[in-house]
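Below, chain A is the first sequence line, B the second, and so on; all start at residue 1. Since this is a predicted model, take the numbers as computed values, not measurements.
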Protein chains: 2
Amino acid sequence: MATIRDVAQKAGVSAATVSRYLNKKGYISDDAKRVIAAAIEELNYRPSMIARSLSTKQTTFIGLIVPDIVNPFFPELARAIEDVALASGYTIVLCNSDEKIEKEIHYLTTLQQKYAAGFIVVTSNAEADHYTTLDIPIVAVDRRIHSSIPFVATDNREGARIGVEHLLASGCQSILCMRGPAEVGPANDRFLGFIDAVEGKVIETHVVECPFQFEASELAAREQLERQSIDGIFASSDVSAAGAMKAAYSLGIKIPDQLQIVGYDGTMLAGQLTPSLTTVAQDVYKIGTLAARMLIKLIEGQEVTEREIQIPAELIIRETTRSEAQ
Amino acid sequence: MATIRDVAQKAGVSAATVSRYLNKKGYISDDAKRVIAAAIEELNYRPSMIARSLSTKQTTFIGLIVPDIVNPFFPELARAIEDVALASGYTIVLCNSDEKIEKEIHYLTTLQQKYAAGFIVVTSNAEADHYTTLDIPIVAVDRRIHSSIPFVATDNREGARIGVEHLLASGCQSILCMRGPAEVGPANDRFLGFIDAVEGKVIETHVVECPFQFEASELAAREQLERQSIDGIFASSDVSAAGAMKAAYSLGIKIPDQLQIVGYDGTMLAGQLTPSLTTVAQDVYKIGTLAARMLIKLIEGQEVTEREIQIPAELIIRETTRSEAQ
DNA sequence: TTGAAAGCGCTAACAC
DNA sequence: GTGTTAGCGCTTTCAA
């Protein structure tokens, strides 16, 4: 690998001049430009980012800490972040925390001593110390970490309200809310949205808490479906909705004739189920984009006015609801 | 941020000694150990990996180049790789190529000048020059790049054969093979497996090429299903199978009574469909694990005997086939 | 407009 | 066992 000095020598100038050329800093004669360009070309020279980093103390790595990239929400988020990072010359480092605080801390410290310029984090761990005391920028996505940390997410409460409203408008009289885990912020927000929608209405409601997981959701749904007459389900995630569909199927309950279902998330899965699932879609790509843009601004010391962004969710009506109202 | 010299000073030793302590290299007195440890603790010192890298010319970043992390195969692969990387002190950098050779080259060069110690790559781009001329280790996953580059994948041909065999054993007389794109290596292997299974059998076969994509697959399947009588489908991916299921559903064809379907991949989707999809499952996590281990060995200069690994696929029998033979 | 020189934080001979 | 010294490849004053 050629170094800056090799280039300087070949071009007959000093390393400093080459450096200036590379960084477009300071004046430099057209002649010099020409020879340097030629030398770089000839040597196929690529500056070492690591030497540069050592010198400038700036880096271009963004750490992305998510619970588990296998969870369908995160690949799309990662994709969005990577796209904007790429455009701005940043590179993303993938970290799976499994929601474990030790793993989060591990990444935070290792990456910081390595090369991270900032972090984008999805975590439910409440002890925010490790985040608030960090001396590099960080933005929280999907779940709020601390009031001092910028945050981007869907307006889950309103999204859920819309979804349940749709069930109501479609004539449901007895609705089951399959809410997510109490430890997860968005799950609570969605539950609040459910309450918002049903409050004061003369209908029956049931609530069951279950993880964002297929088998567990299927089980929970089956239990509820057997026990009482339910004609509508609002599931806090598409996976749970899929579980409910399975339960209904094996119980011989017809969808959407006897039972209508609304999921949440708007993952691919929703569209690929049969019948296809009506769902409240999050614009995950947009969340990722905004979070990444915000972080990069922070890293580059630019002004960030909106430190808290809520993105509206969108109801996608498909085959698991009848939408009589329409 | 404290530096190694700060630590040395506080401990009353030289930077070299601290360095030796840090890297457990060379002898060092217990006394020294004690003072150094104390100084490190007190100053909350963390060595700068970037300075270290500049000095040693070693880094701990692994570039992972995949077409698109959103594609369900890749998150699990990434997860596996990250898990073994983490255990060995490496960190993974996520790169989405969109199958575009320019993007691949971009990552290859940028990351190399940044800090990559090696690459794990999934690509169908045949011009392997950029890979074969690379001067850092690389391993190919899922799709072969060049005979000189180590490679880990599922034994797709055999996997497909098993899947089709199952359709045959379940009594199918007229089988449609929904094969993947001709440019994609594994798709071809799976098609060969299909041929292997049906060759010489007195049954009817049909073949249609379609991308690993829901809508397109649904369309293709519907067309075939309308045109001729088909009682079995071997789809080259679970997504395509899901599309086929949807087509059958809207055509009023009962699964598995009138039509049996076998998918390929063993993604979550397969288990979450209703009825759940019989599929040939790849052990993606294992592929990732083996690839990462191999790459790390290569990076660390260890002997790698098996440079080409094929992992068997496993048939998971679920509700879209009848398995009369059992 | 350009070059010399110092230094970023660490490692690695080599000498003591 | 430990310290001195000389870099790793780049940037950045400061002079010229």
Side-chain angles (χ1 to χ4, degrees), chain A residues 1-37 39-40 43-61 89 109-117 135-136, chain B residues 1-37 39-40 43-61 89 109-117 135-136:
Chain A
M1 269 266 157
T3 75
I4 199 171
R5 264 181 260 276
D6 298 333
V7 175
Q9 192 177 354
K10 171 142 288 181
V13 299
S14 75
T17 306
V18 179
S19 173
R20 279 190 284 265
Y21 170 84
L22 255 18
N23 301 294
K24 306 182 192 336
K25 272 188 191 162
Y27 295 97
I28 172 166
S29 70
D30 286 353
D31 270 4
K33 280 183 192 162
R34 215 165 303 118
V35 264
I36 292 174
I40 288 179
L43 268 47
N44 189 236
Y45 166 74
R46 303 265 163 252
S48 155
M49 295 306 281
I50 111 119
R52 181 181 307 207
S53 289
L54 181 58
S55 187
T56 61
K57 301 175 138 338
Q58 310 217 48
T59 66
T60 52
F61 279 97
T109 56
T110 353
L111 278 185
Q112 206 178 356
Q113 69 179 290
K114 278 193 181 174
Y115 325 72
D135 45 358
I136 56 179
Chain B
M1 269 264 155
T3 77
I4 199 172
R5 264 182 259 276
D6 297 333
V7 174
Q9 193 177 353
K10 171 141 288 182
V13 298
S14 75
T17 306
V18 179
S19 173
R20 277 190 284 264
Y21 171 83
L22 255 20
N23 301 294
K24 305 184 194 333
K25 272 187 189 161
Y27 295 97
I28 172 164
S29 69
D30 286 352
D31 268 6
K33 280 183 193 164
R34 215 164 303 119
V35 263
I36 293 174
I40 289 178
L43 294 159
N44 189 237
Y45 165 75
R46 302 266 162 252
S48 155
M49 295 306 282
I50 112 117
R52 178 178 303 187
S53 289
L54 180 58
S55 185
T56 60
K57 304 179 135 334
Q58 310 218 49
T59 65
T60 53
F61 279 95
T109 56
T110 353
L111 277 186
Q112 207 177 357
Q113 68 179 291
K114 279 193 181 174
Y115 324 73
D135 44 359
I136 56 179

With sugar-phosphate meaning primed atoms plus P, OP1 and OP2, does [X] contact a base, only sugar-phosphate, or nothing at under 4.0 Å between heavy atoms?
| X | result |
| --- | --- |
| B/Thr3 | sugar-phosphate |
| A/Tyr21 | nothing |
| A/Leu54 | base |

Rounded off to whole Å, could you give me the [atom1]-to-[atom2] distance for the [X] and [N] pair?
| X | N | atom1 | atom2 | answer |
| --- | --- | --- | --- | --- |
| A/Arg52 | C/dG9 | CZ | P | 18 Å |
| B/Ile50 | C/dC10 | CD1 | P | 10 Å |
| B/Gln58 | C/dT11 | CD | C1' | 11 Å |
| B/Asn23 | C/dT11 | CG | P | 5 Å |
| A/Arg34 | C/dT2 | CZ | P | 11 Å |
| A/Asp6 | D/dG9 | CG | P | 9 Å |
| A/Tyr27 | D/dA15 | OH | C1' | 18 Å |
| A/Ile36 | C/dT1 | CD1 | C1' | 11 Å |

Given [options], the nucleotide with the shortest approach to the side chain of [X]:
| X | options | result |
| --- | --- | --- |
| B/Ala51 | C/dC10, D/dT4, C/dT11 | C/dC10 |
| A/Ala16 | D/dG9, C/dG3, C/dG9 | C/dG3 |
| A/Ser55 | C/dG3, D/dG3, C/dC8 | C/dC8 |
| B/Ile4 | D/dC10, D/dT12, C/dT11 | C/dT11 |
| A/Thr56 | D/dT12, D/dC10, C/dT11 | D/dT12 |

Taking only side-chain N and O atoms of [X], does any of them lie within less than 4.0 angstrom of OP1 or OP2 on [N]?
| X | N | result |
| --- | --- | --- |
| B/Lys57 | C/dT11 | no |
| A/Thr17 | C/dT2 | no |
| B/Tyr115 | D/dG9 | no |
| B/Lys25 | C/dA12 | yes |

Pick out which of B/Val13, B/Ile36, B/Val18 makes a side-chain contact (heavy atoms from CB on, under 4.5 Å) with B/Ile28. B/Ile36
Of B/Ser29 and A/Arg20, the one whose closest nucleotide on DNA chain D sits nearer the 5' end is B/Ser29
Residue pair A/Ser19/B/Lys33 against DNA chain D: nearer the 5' end by closest nucleotide is B/Lys33
With a 4.5 Å cut-off on side-chain heavy atoms, are A/Arg46 and A/Asn44 touching? yes
dist A/Ser53:OG -> B/Leu54:CG (nearest 0.5 Å) comes out at 10.0 Å
So CD of B/Gln58 and CE of B/Met49: to nearest 0.5 Å the spacing works out to 10.0 Å
Given 3.5 Å as the limit, does a donor-acceptor pair link the side chain of B/Thr56 with the main chain of B/Arg52, or not? yes
Using 30° and 60° as the class limits, which term best fits the ring planes of A/Phe61 and A/Tyr115: parallel, tilted or perpendicular? tilted
Between A/Arg5 and A/Asp31, just flag the one whose closest nucleotide in DNA chain C comes earlier from the 5' side. A/Asp31
